[in-house]
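What's counted below: heavy atoms across the whole structure, side chains too, no hydrogens, waters or symmetry copies. To find a chain, count down the sequence lines: A is the first, B the second, and so on, and within it residues start at 1.
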There are 2 protein chains.
Amino acid sequence: MRQGCINILQVCRINIFDYFCTMMKRRNTATQEAVLAVLTSKRRAMSQDAIVKQMDVRADRATIYRILNRFCEDEIVHKIVADDGKQYFAVCIKCDEKTISNNHFHFRCTKCETIECLPTIVEFSAPQNYKVQQMNCVLVGVCKDCD
Amino acid sequence: MRQGCINILQVCRINIFDYFCTMMKRRNTATQEAVLAVLTSKRRAMSQDAIVKQMDVRADRATIYRILNRFCEDEIVHKIVADDGKQYFAVCIKCDEKTISNNHFHFRCTKCETIECLPTIVEFSAPQNYKVQQMNCVLVGVCKDCD
DNA sequence: TCATTAATGCGACAAGGTTGCATTAATATA
DNA sequence: TATATTAATGCAACCTTGTCGCATTAATGA
Ligand SMILES: [Mn+2]
Ligand SMILES: [Mn+2]
Ligand SMILES: [Zn+2]
Ligand SMILES: [Zn+2]
């Protein structure tokens with residue numbers, strides 16, 4: 001990866017956490033910063049246990065969940081429930097060239113067991129008088145790196 | 001509902017269970033028939049506990065799950081994991097005028113708390129070299145009956 | 001420096017689902 | 001019909017994921 005990219009990512013990460021602390025009036029704690037750091041560096045949808053494994057700071061399970069739910073409330077992270085019934089969390093990337101909103105497909109690779117946000121918007125025509133407020137769409141298969 | 005419809009549904013249900021017993025070489029048991037009867041009569045995606053509540057025969061939780069997974073193996077039922085992380089099961093309807101395959105959206109109504117199969121096929125264009133084998137797509141909102 | 005209270009750790013808990021194992025009963029065959 | 005085979009079941013134990021209450025810690029503002 002080019003140096004430029006790393007810088008952009010790092011600036012981005014700092015900005016998100018900064019936004020979280022100042023705009024959302026959250027306290028600056030090592031654990032919260034570490035969780036966000038993992039999510040932004042991996043750029044994948046990750047489960048609680050996967051996140052903990054990547055963290056340098058130790059933290060309780062309940063705390064991690066509380067942090068993740070806080071991130072969701074503040075809309076810097078979104079939650080996906082995969083077909084294994086587990087919750088996965090991914091940063092809402094806004095510093096990228098293309099903004100990825102919440103209405104996109106997710107892809108679970110059965111080989112590398114990762115879940116990623118696809119830049120593919122979910123298109124549908126719901127039947128008459130159905131009001132769609134959220135969606136949770138996961139495609140399952142083999143990703144480009146595993147085939 | 002017209003008498004004709006009921007007849008068609010009942011014939012259909014008998015045929016599915018008959019198919020299950022003869023073609024799939026499964027034994028004819030009251031519990032299996034009861035589970036399938038609930039699913040075909042409700043025509044909704046139902047969770048294990050919702051199914052049990054509708055059953056006249058009593059059966060163990062583990063047994064119900066084993067039956068449902070057996071139905072999935074034999075492809076007379078399909079499984080959806082909703083955004084509450086729970087598994088829901090729905091008959092694969094083939095006796096209807098329009099066949100509903102597995103590649104359709106599901107809709108969870110937050111008011112009546114039901115999950116139904118929509119006749120809306122999931123359309124998407126996965127990125128280059130991604131192989132999609134299954135999907136689990138749930139739209140969440142308010143259904144036509146609740147608004 | 002101190003007061004406020006958000007954030008954390010710990011334990012307990014619940015829900016959902018699976019598995020092992022003994023028992024029951026559906027089916028095929030004699 | 002009687003018997004053997006083994007699929008299906010019931011029960012208990014277990015695991016995983018996620019949440020909650022409560023005491024404690026520490027970030028923040030005054
Ligand atoms: Mn996403
Ligand atoms: Mn369906
Ligand atoms: Zn992969
Ligand atoms: Zn409804």
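- In this structure, CZ of A:R61 is placed 16 Å from P of C:dT8, rounded to the nearest angstrom.
- Using a cut-off of 4.0 Å between Lys/Arg side-chain N and Asp/Glu carboxylate O, B:R61 and B:D49 are scored as not salt-bridged.
- Close to D:dC11, at under 4.0 Å from its OP1 or OP2, lies a side-chain N or O of B:R58.
- In this structure, B:T63 reaches the D:dG10 phosphate: one of its side-chain N or O atoms is under 4.0 Å from OP1 or OP2.
- Look at B:T29 and you'll find a side-chain N or O under 4.0 angstrom from OP1 or OP2 of D:dT9.
- A:Q48 comes within 4.0 angstrom of no nucleic acid atom, judged by non-hydrogen atoms across all strands.
- Between B:K86 atom NZ and C:dG17 atom P there is a gap of 7 Å when expressed in whole angstrom units.
- Remark: C1' of C:dT23 and CZ of B:R27 are 13 Å apart, rounded to the nearest angstrom.
- The CD1 atom of B:I67 sits 14 Å away from the C1' atom of C:dA25 (whole-angstrom rounding).
- Side-chain to base pairing of A:R66 with D:dG18: no donor and acceptor N or O lie closer than 3.5 Å to each other.
- Regarding B:Q87, its CD atom lies at a distance of 4 Å from the P atom of C:dG17, rounded to whole Å.
- Heavy-atom nearest nucleotides on DNA chain C were determined for A:A59 and for B:D60, and the one closer to the 5' end corresponds to A:A59.
- B:E116 and A:Y130 share a side-chain donor-acceptor pair at under 3.5 Å.
- The ring of A:F71 has its center no closer than 6.0 angstrom to the ring center of A:F89.
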task = Test A:R27 against A:Q32 for side chain to side chain donor-acceptor pair (under 3.5 Å), laying out the working first.
result = CA-CA 9 Å; A:R27 292 190 178 172; A:Q32 292 189 117; over 6 Å; no
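- Put simply, CD on A:E33 is 12 Å from P on C:dT8, counting in whole angstrom units.
- Following rounding to the nearest Å, A:F17 (CZ) and D:dA27 (C1') show an atom-to-atom distance of 11 Å.
- When each of A:R26 and B:D49 is assigned the nucleotide of DNA chain C bearing its nearest heavy atom, the one mapping closer to the 5' terminus is A:R26.
- Within the nucleic acid shown, B:S47 has no heavy atom closer than 4.0 Å to any nucleic acid atom.
- Contact annotation: B:N69 reaches the phosphate of C:dT18 (side-chain N/O to OP1 or OP2, under 4.0 Å).
- Counting non-hydrogen atoms under 4.0 angstrom, B:R70 reaches the backbone sugars and phosphates but no base.
- Salt-bridge formation is detected for the pair B:E73/B:R26: a Lys NZ or Arg NE/NH1/NH2 atom is positioned less than 4.0 Å from an Asp or Glu carboxylate oxygen.
- Atom pair B:Y65:OH and C:dA15:P shows a separation of 12 Å (rounding to whole Å applied).
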